[in-house]
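In what follows, chains carry the letters A, B, and so on, assigned in the order in which the sequence lines appear, proteins first and then strands, with residues in each chain numbered from 1.
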Protein chains: 2
Amino acid sequence: MTPPPQAATRGHVLVVEDEPALRLLLERSLHQRGYQVSVAPDGKKALSFLETTRPDVALLDWMMPGLSGLELCRTIRQKPGLRDLPVLFLTARTEEQDVIAGLDNGADGYLTKPCSADRLDARLRALLRRTRPVQDIITFGPLTLEPENHQITRSGRPVMLGPTEYRLLELFMHNPRRVFSREDLLERLWGPNVHVEIRTIDVHIRRLRKALNGAGETDLIRTVRAAGYALDDGHASPAAG
Amino acid sequence: MTPPPQAATRGHVLVVEDEPALRLLLERSLHQRGYQVSVAPDGKKALSFLETTRPDVALLDWMMPGLSGLELCRTIRQKPGLRDLPVLFLTARTEEQDVIAGLDNGADGYLTKPCSADRLDARLRALLRRTRPVQDIITFGPLTLEPENHQITRSGRPVMLGPTEYRLLELFMHNPRRVFSREDLLERLWGPNVHVEIRTIDVHIRRLRKALNGAGETDLIRTVRAAGYALDDGHASPAAG
DNA sequence: ACGGAGATGTCATAAATATTTCATGTCCGT
DNA sequence: ACGGACATGAAATATTTATGACATCTCCGT
């Protein structure tokens, strides 16, 4: 049998789309399929988002009020740090002609809407496979996380995680020792307005622990009562009475 | 007369809410969690407040008599000096659809009410993370408190505390040497309307001491007879008032 | 369309820890 | 020595977490 088909997080997509309904649809659809999704209603918001965050790919609506997709793309191509960000356009079929111009301006491809989630997914996958930047391998104690392969190892042994647990660990490893409240985790893993029972976090933490801690190994997840959880190596013995 | 009880504020929040009960609830809840809170009953008042003061984030009710939250937000976005003020909406679940439009008008997010204080807190924290620096490590004598990691050490050794003792020490470390009466402590750790035996404080102080003071170490908690307790290094003169 | 595999979100329940209250013993200042 | 204020240990409660089992759902190959 072949090792891990690992259907984990597949990349961070920024969706820039002015029409609320479609935006929501795209967000849901992509999130459903395991992408981390950020959305912006217009080019301006998108740019300010890109100031602080670097997604793996941007999905731009072609026609937008204000800064159009084309302009946004051009702007992106001018920013030194963003030059390599893959850009995919969403266009109406009638605009297909114009898009040729878009490709000249640095886009990496386009899709005509409406388009199936499958098609979009396939396109993104292809794009990400080709252009996803090489990210540094993160380590913490015996843990190693290779963003590129979505591969995690503990003391050399591969660790299999589901998508959610992967993102959880990823967040932890980017912020070692930091305590995240359950609310924080909900916010950062599920998004701002997703309603999920707060205790569901416990379950994912348990799954993460189970996968991470082999027999006899120390628990790398620290429970901070009344506060949350953190990735931590040395647990001291309790001193309280 | 009474010196201002002061711990480091986590940020300045402007709450704009027309319903008095909810407004008060929000104000208390946020204040309790360490935010500096300003309130306004309507959009007009809010704007005039913003003429002179610049909070870190605005929390707007969606439906309000007079200037609605949406209009207020739009107005804010038009004022040069306020353009960057993060705006968060409070909406009823039934209004959720409309809010998508709100996001197009410059909001940074929304919360559906009723929503737990925890959730609100998490949301605010996420917003403020962008504009406010990470919390600093506090030290006092041999003590170190890292809010980020929920970690306390004395002379390098980790100190394990329960939730209440942690908050107690946190308060003390924000106000070194200051004497807190038991009533003060009850008010600030338990909240305004909680009935707990006043002597319970003693028990928590004892546990804090026990955890803090290893064998042979000096007691860092000073008992001020008939007055309360304070965090204090052992060398302070016993001269009392 | 059908069935299996993998993921997720929820619960109910067991386990672990914390918090409060008490009953008593100590210490302090007068 | 006395009265009031503190310190302490232990028991009774209350809260918070950890777990195992499920019911759904989505994805995929047939």
Side-chain angles (χ1 to χ4, degrees), chain A residues 1-10 28-35 116-118 120-122 125 150 160-169 179-183 185-186 189-191 194-213 219 221-230 235 237-241, chain B residues 118 150 160-169 179-183 185-186 189-191 194-213 219 221-230 238-241:
Chain A
M1 299 228 187
T2 16
Q6 189 76 292
T9 311
R10 292 152 63 192
R28 292 227 176 115
S29 165
L30 290 173
H31 179 265
Q32 196 76 25
R33 284 163 185 259
Y35 292 96
S116 76
D118 285 336
L120 172 56
D121 191 359
R125 207 198 322 270
H150 268 247
M160 306 281 289
L161 296 179
T164 306
E165 286 73 36
Y166 179 87
R167 292 194 297 149
L168 189 51
L169 181 59
V179 176
F180 290 92
S181 73
R182 292 184 175 74
E183 286 76 16
L185 294 174
L186 267 191
L189 263 57
W190 275 259
V194 183
H195 177 61
V196 170
E197 277 303 313
I198 199 77
R199 284 292 155 192
T200 298
I201 298 288
D202 296 34
V203 177
H204 286 285
I205 287 283
R206 173 168 67 83
R207 288 174 183 150
L208 178 55
R209 278 183 165 138
K210 195 173 195 172
L212 233 44
N213 307 326
D219 188 1
I221 309 276
R222 176 165 70 114
T223 300
V224 182
R225 211 153 213 272
Y229 299 95
H235 293 207
S237 55
Chain B
D118 283 337
H150 244 257
M160 307 292 287
L161 297 177
T164 306
E165 287 74 40
Y166 180 89
R167 290 191 300 152
L168 190 51
L169 180 58
V179 177
F180 290 93
S181 72
R182 291 183 175 71
E183 286 77 10
L185 294 174
L186 268 191
L189 263 57
W190 275 259
V194 184
H195 175 60
V196 170
E197 276 303 314
I198 198 78
R199 284 291 155 194
T200 299
I201 298 288
D202 296 33
V203 179
H204 286 288
I205 288 283
R206 172 170 63 84
R207 280 205 280 267
L208 178 55
R209 279 183 164 137
K210 193 172 194 171
L212 233 43
N213 308 325
D219 188 1
I221 309 273
R222 179 162 63 110
T223 300
V224 183
R225 206 179 166 78
Y229 299 95

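For A:A226, counting side-chain heavy atoms from C-beta on, the closest listed nucleotide (D:dA18, D:dT17, D:dC6) is D:dT17. Checking D:dT8, D:dT17, C:dT8 against the side-chain heavy atoms of B:D202 singles out D:dT8 as nearest. For A:P163, the listed nucleotide lying nearest its side chain is C:dT8; candidates were C:dT8, C:dT10, C:dT21. For A:V203, taking side-chain heavy atoms from C-beta onward, the closest of the listed nucleotides D:dG9, C:dC11, D:dT17 is C:dC11. If you check C:dT20, C:dC11, C:dG9 against the side chain of B:V196, the one that comes closest is C:dT20. Comparing C:dG9, D:dA7, C:dT20 against the side chain of B:T223 picks out D:dA7 as the nearest. For B:R206, the listed nucleotide lying nearest its side chain is D:dG9; candidates were D:dG9, D:dC6, D:dA18. Side-chain proximity of B:Y229 to D:dT17, D:dC6, D:dG9: nearest is D:dC6.
For A:R182, the side chain to side chain contact (heavy atoms under 4.5 Å, CB included) partners two or more places apart in sequence, or in a different chain, are A:I198, A:R199, A:I201, A:D202, A:Y229.
The side chain of A:T164 contributes no N or O atom lying less than 4.0 Å from OP1 or OP2 of C:dA7. For A:W190, no side-chain nitrogen or oxygen approaches OP1 or OP2 of C:dT8 to under 4.0 Å. Applying the 4.0 Å criterion to OP1 and OP2 of C:dT20, one finds that B:H204 has a side-chain N or O inside that range. In terms of phosphate contacts, B:R182 brings a side-chain nitrogen or oxygen within less than 4.0 Å of OP1 or OP2 of D:dC6.
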### Summary
Whether each nucleotide of nucleotides 24-30 of chain C has a protein heavy atom under 4.0 Å at its base (B), only at its sugar-phosphate (S) or at neither (-) is summarised, 5' to 3', as ----B--

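For A:R207 against C:dG9, a side-chain N or O and a base N or O form a donor-acceptor pair under 3.5 Å.
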